[in-house]
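Below is one structure. I have some questions about it.
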Amino acid sequence: MRRGGTFTDCVGNPGTGRMEDDVLIKLLSEDPSNYDDAPLEGIRRLLSGFTGREIPRGEPLDTTQIESIRMGTTVATNALLERKGEKIVMVVTKGFKDCLEIGNQSRPRIFDLAIRKPEVLYQKVVEIDERVTLEDYAEDPERHTTNVEQAGDADLVCGLSSEAVRILQRPSEVVVKSQLQSLYEEGFRSIAVCLMHGYTFPDHEALVGRLAKDIGFKHISLSHELMPMIKLVPRATSACADAYLTPTIKKYIAGFQAGFEGGLGTASVKREKGDRGVRCEFMQSDGGLVDVGQFSGLRAILSGPAGGVVGYALTSYDAETKIPVIGFDMGGTSTDVSRYGSGRYEHVFETTTAGVTIQSPQLDINTVAAGGGSRLFFRNRLFVVGPESAGAHPGPACYRKGGPLTVTDANLFLGRLLPEFFPKIFGKNEDEGLDEDASGKLFQELTDQINSEISADKRMTPDEVAYGFIKIANETMTRPIRSLTEAKGHDTSLHRLATFGGAGGQHAVAIAESLGIRQILVHRYSSVLSAYGMALADVVDERQVPESKVWADGDGDVREDLKAKMEELKRKSREALRSQGFVDEKIMFEEYLNMRYRGTESALMIVKPDKAEAEREFGGDDWAFGKVFVKQHDQEFGFILPDRDIIIDDVRVRGIGKSFEGLEKTVDQQLRAVMPRDLLSGEKKHSTKRAYFEEGRLDTHIYRLEDLDVGDRVKGPAILADGTQTLVITPGATASIIDTHVVINIGDADAGMKRVLSTEEVDPIMLSIFAHRFMAIAEQMGRALQKTSVSTNVKERLDYSCALFDDVGGLVANAPHLPVHLGSMSTCVRKQASMWQGRLNTGDVLVSNHPKYGGTHLPDITVITPAFAGDKIIFYVASRAHHADIGGILPGSMPPHSRELYQEGATIASEKLVSEGRFNEDLMIKFLHTDPARYPGCSGTRCLADNLNDLKAQIAANRKGIQLIGTLVADYGVNVVQSYMRAIQANAELSVRNLLREVSGRFEGRALEAVDYMDDGSPICLKVTIDGEKGEAVFDFEGTGREVYGNTNAPSAVTYSAIIYCLRCLISSDIPLNQGCLTPITVLIPPNSFLSPSDSAAVVGGNVLTSQRVTDVILRAFKACAASQGDTNNLTFGFGGNVGGEEERKGFGYYETIAGGSGAGPTWSGTSGVHTHMTNTRITDSEIFERRYPVLLHRFSLRPSSGGRGTYPGGHGVIREIEFRLSVQVSILSERRVYSPYGMEGGGEGEKGLNLWVRRVWVGGDSEGEEGEGAWVERVVSLGGKNSASMKKGERIVVMTPGGGGWGSDAAPPVQGGNPKDPTMAWKGGSLAARVFTQETN
């Protein structure tokens, strides 16, 4: 059974085990007038049917008549979404009470001024005065490892991960018990405990857990028991989620159990006295079943969808042919995508659901769009589908509840959904069918609106409008499916598509065509496949321990240690499975090591090779984990690092109690055995209907699935349906019937129908499709760049942008949306296109990073490739990547105290990186390595090999873009593609013009003016003059301060980026971000000002600091919101290098930016501890921070009272206090230490930032440490906004970041407000969501 949000699906078998005897039931999950619990009602109906006796509702069900119950539920997911879990308290290490409120400091939606972060799950936090840290650090150039046994120190112990752990502060039992007792008396009964480094040193967590149990807490979630993996924030969130959800799950199970005579679960089956119970297992998020007594909230979040993955994986994958399968689950409220290949489930270990990021093994299920309930809009002359959904209430328009137009309505209106096959459960009395007239009426109204906004000769019919939305919906789903598959190194065209869920059958053919997939599998139980998957699933016991060893193929000691850990995990797992009734013959194990190269973050979960693979590839060595890792790394990332150590992060065992032995015949075996027979015209048809396809309305035969026999083959156009699913077979496709599936083979009729498009008039449907196609090209360029690059910055942090430009360098599509790259890349490409006009040939590639030519700062190198038609350039593609080092006075090429541009590294104004196909390597070595070293105190690049490899990767990404555009040109012609490039720019232009007209009316034609100051007193002045009739504006920065002898100069490209970012925020809806946004804008920047500096001016601070102030000034002029922190608080520290010409000393460097408060607005309060505007970088997790570097993080918390007061208060800044455990050079580059973030409309200013150095100074003696004559004392010194200091061991830096300004008079009581709920909050965030998040927060 699967209890979903709308329906509960049940599959029962009378005991024969034969598929033909199965009984399927679908009922509403909520129907209080008829029954209290849907799964219980489903079992009652099944038992009544099997026994021949109608069992009255309310009568306890006889468990002796039931062999087993398997179930998936959305109870946990719904409680998480609706925030209706248990009242909980979180216990955390002192200094980290706000760790979950700050999270990773990034904001969820980068263009939302009203930032709304997910709410925390706890009601209260208590800090425990305890502390441990790791003795060694990973970035130690000497690779020193402490031997705990030899150290002879009671405060030094060996952690579970084999790392040396230093105990700094042991908790006081008396104090902790008193704290817990107070919480108990306040009414808390559920507690989550997560202490720093508890994953490897659990003693302190265990102490808290024991005391809480003694006091009487009902539920105690200890992070090290739930998921012993490094990272404080996800582990703490996981503990909170478990404490929040498990009591809710237990309450539900208790109510469910009450409906049975003998009880549920293994314990009840073993009961010697009283009524014997029945086995009852629940589906977990990892695709395995667990006994009802062990089912927990943390493992329940994807309980329902996991069944569907198991269902299609076990019924669609053939271990002989090994054809991988993409699962396409399109329901009413969401569309989920997953993949199954190699005979194993694909898991992820850190995911976000309902705004909560947790650590727990979960199937890699990604929500890529809303479902049949996706709403349809015509916005800014574009067809838009979702992400808003009509939900179950009111549902689509055709549900007779006054709902909006949706994808379901479009399918119904076009004849692709059949009302006669739907249950009559709609209308006031819930006894009517789907309402075709309601859908038709709204489509006519929408068509009238569309026709009023487009030219008369392009008028559309309601059919064309509805079909246009279907095509846009398919494009919306196809892009992320391709991203998910290709990001892992797989080709979508080599897969099958397994479709299930109520709405999938109407879209599967079109989706498959777009992905190049030729075969679709639709299981006979596709509409209840999640429930059927429960019947096929195995019972699973997952166990994991942390590790830190270095893998070595020849090191027997390391292997033996790891084998011992693995065997211990297997022993525990075997005992757990035996206790559930499994004999050893039915128990198997999957053994994993979580491995990564040293210095990288991309760990791969490597499964132990089976005997056949070991014999075939590894000389019979079935413990060749290292070799498997290298092979998999090469497949997924395209390269290996033979000189790097391989680190083991975790040892994992997945114990499996086998209950499913496989189908009698696989799909491939059935296909080989069946003799297909084409149905004659009209044979076995149920009826005929006029349904709409690419060719228009066609006579379409309707077939009942139950009327078709094995071997029947139906040619499209046709519709196959039963009471639970509808399959649309397009012209050119065929549907074949086999025992278990309908197999759809894709033809070429629909796919080959290319409309002849005019270059004179813009088709609004094709405009929307081209917008998706252009963006898809930029996205695929990005994947090519990531796959072929080598550096951590590009491959793991995804710090790059790829974009498509028109023939003069105007931006067409940019992916992803990195604010600081939005306008600047176009500035660069336009300048290069102009400079090289008439001098470029096929095979030429340009390179530039100079601020004067569209660069932002020197590490961002742009590679530009022209595409030709004959001898004419028809478009450009470009990729910009952040190179980790390009020389200069400091490693990382981002010095906080640079005065001249040469101090920041190599400069390339405009050169040919490739000349007619030949890579100019010598020229690049000169620019990157030789030339920078000629300047005083400077070095050439410190990672030349990475630079050259990444440049080649950028060239390859550009080549991919040109190939994809070439395909588009081949399909539609050069003139059409260029026409739609211009049209998509014109569409963005229209949106901006409409915004400017609205603003002009609001301000009654007055000019908008604002001024703000950098901390050195340099003003940024802006006057915006708007022509309301034309929708045009002049942004005039006259009066802005002169170029400075420092590094806060900002290239003009940065100002253009800030303008585009602000315009997009003000429009507050998704629009294409391209050159059209700037067409109505004239920008006037005074020459020789610090917004238009000279060629030699230092600019590194301009990119990260001045950009924020320009943004503040623009938003102030538009009266959009109060100032946010206006800063990125750039902190660097490290040691080593060859500064001053000395012999190079090995060392390390670290760089981070730190969050602050966001500004309030007219309807919202500011948000605390978040990055704003032109940056959105994640902070390194506290435990990772201490593992990698010689630091002790004393405090990372919100800064009280730092947000400006007001009707809507500003958000608070943060306090970050770091102690250094050895001597390092520390630098801070920050702003808003002199001028406060402004408030608006009477709101108070945000608190200024403050940087402190806590020094250790010896006083009272002539020499340090002389007995009896002095002492070490702390002396606190202000560092100002920009400084660098050599800090000794034991000294600290304290960074207090600015708060945001308030809005409205603080005389009025504060109001808490924010954005409406994000419609994508419920979406499942697997690896695809993680990738998008990584790129938006790099």
Side-chain angles (χ1 to χ4, degrees), residues 1-9 28-30 37-39 70-86 88 118-121 221 226 234 237-238 240-253 255-256 282-290 292 295-310 329-338 348 350-371 373 387 389 391-393 501 529-531 533-534 1317-1326 1329:
M1 290 181 298
R2 184 222 177 167
R3 186 187 190 280
T6 306
F7 291 104
T8 292
D9 303 330
L28 290 170
S29 294
E30 299 287 343
D37 184 77
R70 295 181 163 194
M71 188 166 156
T73 177
T74 57
V75 169
T77 315
N78 293 341
L80 199 58
L81 279 168
E82 298 165 11
R83 296 298 194 259
K84 291 183 178 178
E86 190 77 359
I88 70 165
E119 302 151 357
V120 293
L121 299 180
S221 295
L226 294 167
T237 315
S238 302
C240 287
D242 190 71
Y244 187 74
L245 297 174
T246 300
T248 302
I249 288 278
K250 297 297 185 190
K251 286 175 189 173
Y252 172 74
I253 289 173
F256 182 63
F282 274 76
M283 176 61 74
Q284 300 184 110
S285 302
D286 63 359
L289 295 165
V290 68
V292 61
F295 191 47
S296 73
L298 183 63
R299 300 291 178 93
I301 292 171
L302 296 187
S303 172
V309 176
V310 174
D329 178 5
M330 186 176 181
T333 55
S334 68
T335 298
D336 295 336
V337 173
S338 54
V348 287
E350 188 174 309
T351 55
T352 301
T353 304
V356 177
T357 301
I358 61 171
Q359 281 182 329
S360 178
Q362 298 190 17
L363 292 174
D364 189 7
I365 302 173
N366 294 264
T367 302
V368 299
S389 174
H393 299 284
L529 196 61
S530 289
M534 312 286 173
K1317 197 169 186 178
D1318 182 353
T1320 66
M1321 185 182 178
W1323 290 14
K1324 298 157 198 73

**Prompt:** Of D242, I249, V290, which meets side-chain contact (heavy atoms from CB on, under 4.5 Å) against S296?
**Reply:**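 With S296 as partner, side-chain contact (heavy atoms from CB on, under 4.5 Å) holds for just one option, D242.
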**Request:** Determine whether the side chains of T367 and D336 contain a donor N or O and an acceptor N or O closer than 3.5 Å.
**Result:**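 Yes, because at least one side-chain N or O of T367 sits under 3.5 Å from a partner of the opposite role on D336.
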**Message:** Would you call the rings of F282 and F256 parallel, tilted or perpendicular, taking 30° and 60° as the class edges?
**Reply:** perpendicular
**Residues S238, Q359; criterion side chain to side chain donor-acceptor pair (under 3.5 Å); working and verdict** = CA-CA 6 Å; S238 302; Q359 281 182 329; 5.1 Å; no
**Item:** Side chain proximity check, E86 to K251, heavy atoms < 4.5 angstrom
**Value:**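 Yes, their side chains come closer than 4.5 Å.
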**Prompt:** Does any non-hydrogen side-chain atom of V309 lie less than 4.5 Å from one of I365?
**Reply:** yes
**Prompt:** With a 4.5 Å limit on heavy-atom distance, are the side chains of R2 and P305 in contact?
**Reply:** yes
**Asked** Is the closest side-chain heavy-atom distance between L245 and I301 below 4.5 Å?
**Response**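 Touching, per the 4.5 Å side-chain cut-off.
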**Asked** Side chains of T246 and F295: closer than 4.5 Å at any heavy-atom pair?
**Response**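 Result no, sub-4.5 Å side-chain heavy-atom pair not found.
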**Prompt:** Just wondering, do N366 and D364 contact through their side chains at under 4.5 Å, heavy atoms?
**Reply:**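 Contact flag for D364/N366 side chains = yes.
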**Asked** Is the shortest heavy-atom distance from the side chain of D329 to the side chain of T335 under 4.5 Å?
**Response** no
**For the student: nearest non-hydrogen atoms of M534 and L289, plus distance** = O-CD1, 3.9 Å
**Asked** How would you list, by chain and number, every residue that makes a side chain to side chain donor-acceptor pair (under 3.5 Å) with S360, sequence neighbours excluded?
**Response** R299
